[in-house]
Amino acid sequence: VIFGLLLRFSGGFGNQAFVEVTTLIVFINIVLAIFNLIPVPPLDGSKLLFALFPERLAYFRNFYERFGIVFIILVIFFAGRAIVPLAIAIFSLFTGVGV
């Protein structure tokens with residue numbers, strides 16, 4: 001957030017290398033935050049999802065946690081195209097700069 005606001009309010013003035021590094025820092029952090037919120041164990045999004053589950057679905061939760069790494073691999077291969085446009089939209093919201 002700090003680097004995003006710094007990039008937004010700097011107005012593109014200053015050293016070009018600083019602007020590029022700041023842009024990269026903000027974009028990578030946004031992509032990692034979105035990836036971490038995917039509801040697949042052991043990522044943090046799964047903890048949010050499981051907090052909403054009733055106790056009677058404990059079997060599903062155990063199955064889901066057991067094969068979480070397989071689901072992560074599938075998400076990386078098939079949902080990667082959905083993460084990047086969302087990250088670009090959030091990046092533009094924070095920085096006011098289009099990628």
Roughly how far, to the nearest 0.5 Å, is [atom2] of [Y] from [atom1] of [X]?
| X | Y | atom1 | atom2 | answer |
| --- | --- | --- | --- | --- |
| E20 | N15 | CD | CG | 9.0 Å |
| F94 | F27 | CZ | CZ | 13.5 Å |
| F71 | I76 | CZ | CD1 | 14.0 Å |
| T22 | I2 | OG1 | CD1 | 12.0 Å |
| R61 | R66 | CZ | CZ | 13.5 Å |
| R8 | L93 | CZ | CG | 7.0 Å |

| query | Taking a hydrophobic cluster as the set of Ile, Leu, Val, Met, Phe, Trp and Tyr residues connected by side-chain heavy atoms closer than 4.5 Å, whether directly or through intermediates, do Y64 and L48 fall within one such cluster? | reply | no
| field | Joint hydrophobic cluster, L37 plus I88, side-chain heavy atoms closer than 4.5 Å | value | no
Could you check if a side-chain atom of [X] sits within less than 4.5 angstrom of a side-chain atom of [Y], using non-hydrogen atoms only?
| X | Y | answer |
| --- | --- | --- |
| V1 | L5 | yes |
| D44 | I38 | no |
| F50 | P41 | yes |
| V84 | V31 | no |
| F3 | N29 | no |
| F18 | L7 | no |

| note | Taking every heavy atom of T23 against every heavy atom of V19, the minimum-distance pair comes out as OG1-O, 2.7 Å
| Donor-acceptor contact below 3.5 Å, side chain S46 vs main chain P42 | no
| Out of F60, F67, Y59, which one pairs with F63 under the ring-ring contact (aromatic ring centres under 6.0 Å, His included) rule? | F67
| side chain to side chain contact (heavy atoms under 4.5 Å, CB included) partner of F35, the single match among I72, V40, I30 | I72
